Amino acid sequence: IVLLIKKENTMTTHNSDKFQRMIKVAEKLQIKSDSVIKVVAIVFKHGKILATGVNSSKKSYPFLKRHFIHATLHAEIAALISIMYRDYDNLSLFVYRSKKDGSLGESKPCPMCVKSLYENGKFNKIYWTTDNGEIAQDSISNLNNYVDTMDRDNLFNLNGKIKKKQQKKTQSYSTHC
C-alpha cells in the first residue's frame, strides 16, 4: 500500500506501512476521546511510536476554562505533555481525524499547537490527515513561520473573547443582584 503525501506544493509517495500502522493505532485510540470531533496525535521517531494523545472536551488548562467557553485539550498538546520531560529530539508527529462516515478528516494542527510544538524544540516534521483522504506533511519551522505571518488579532482574538465572557459574567451578576 502506498499513500500520497503532500509536501509543500508537490506530491510524493511514501511507504505507507508506518502510516497504516499509525492509522490502526489512531482508530483504536479515538474512542478514548470524549469530544464530538475525535482527534489523535501520535509522536514517533523512525516509525517507532513514543507517545500518543487524544483531544478532550472535559480536560483543559484552568486559564483556558476561565476565558473560553469551549476550551479543549488538543490531542497534539496531550501528546506533547506525555513526552515533555523525556530526552528526545528530531521527532515527528502524526495527527489523525476520521469523520463519522469513517473517511479521513482534516487534522492540520491549529496555530496554538504549532507554536507549542515549535517552542518545545523536539519536533521536525508534522503529518496530518486531510479531507481528501491523503496525509499532508510539512516541517514544524515552515508551519511556525506561516503562523508568525498571520494577523494574531484575527487568529486568536483573545481580547475580544475575554471581554465578551467578562461582559456576560457582569450582566449575569447584575441580573441576580
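The structure presented is a predicted model; accordingly, all values stated were derived computationally and were not measured.
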message = Other residues, nucleotides and ligands only: do more than 12 of their heavy atoms fall within 6.0 Å of NZ on Lys32?
response = no
ask   = Does a sphere of radius 6.0 Å around CG in Asp87 hold more than 12 heavy atoms from other residues, nucleotides or ligands, not counting ones at 6.0 Å or beyond?
value = no
message = Within 45 degrees of the ring normal and closer than 6.0 Å to the centroid, is that where the cationic atom of Lys48 sits relative to Tyr88?
response = no
query = Around Tyr118, counting heavy atoms of other residues, nucleotides and ligands shown, do more than 12 lie under 6.0 Å from its OH?
reply = no
task = Answer yes or no: is there a donor N or O on one side and an acceptor on the other, between the side chain of Lys38 and the main chain of Leu29, under 3.5 Å?
result = no
ask   = Any side-chain heavy atom of Val39 sitting closer than 4.5 Å to one from His74?
value = no
message = Looking at Ser141, is its backbone amide N or carbonyl O close enough to the side chain of Asn145 to form a donor-acceptor pair, meaning the two atoms are under 3.5 Å apart?
response = yes
request  = Report the C-alpha distance between Thr130 and Asn132 in whole Å, list the side-chain angles of each, state the deciding distance to 0.1 Å, and finish with yes or no for side chain to side chain donor-acceptor pair (under 3.5 Å).
outcome  = CA-CA 5 Å; Thr130 69; Asn132 300 335; 4.6 Å; no
query = Under 3.5 Å, is there a donor-acceptor pair between the side chain of Ser82 and the main chain of Ala79?
reply = yes
message = Does any part of the side chain of Ile140, heavy atoms only, come nearer than 4.5 Å to the side chain of Val114, both counted from C-beta?
response = yes
inquiry  = When you compare the side chain of Lys115 with that of Asn144, does any pair of heavy atoms fall below 4.5 Å?
reply    = yes
ask   = Sub-3.5 Å donor-acceptor pair from the side chain of Lys122 to the main-chain atoms of Arg86, do we have one?
value = yes
Polar side-chain atom of Thr129 near backbone of Gly105 as donor-acceptor pair, under 3.5 Å = yes
request  = With rounding to the nearest 0.5 Å, note down the distance linking CG in Asp131 to NZ in Lys99.
outcome  = 4.0 Å
key: Ile31 reachable from Ile23 in the ILVMFWY side-chain graph, under 4.5 Å edges   = no
Nearest-0.5 Å distance that lies between atom OG in Ser139 and atom CG in Asn124 = 8.0 Å
query = Which is it for Phe44 and Phe94 under the ring-ring contact (aromatic ring centres under 6.0 Å, His included) test, yes or no, and what are the steps along the way?
reply = CA-CA 8 Å; Phe44 68 98; Phe94 174 60; 7.3 Å; no
query = Trp128 pairs by side-chain contact (heavy atoms from CB on, under 4.5 Å) with which of Lys108, Glu134, Gln137?
reply = Lys108
query = Could you give the distance from CG (Leu80) to CG (Asn120), rounded to the nearest 0.5 Å?
reply = 4.5 Å
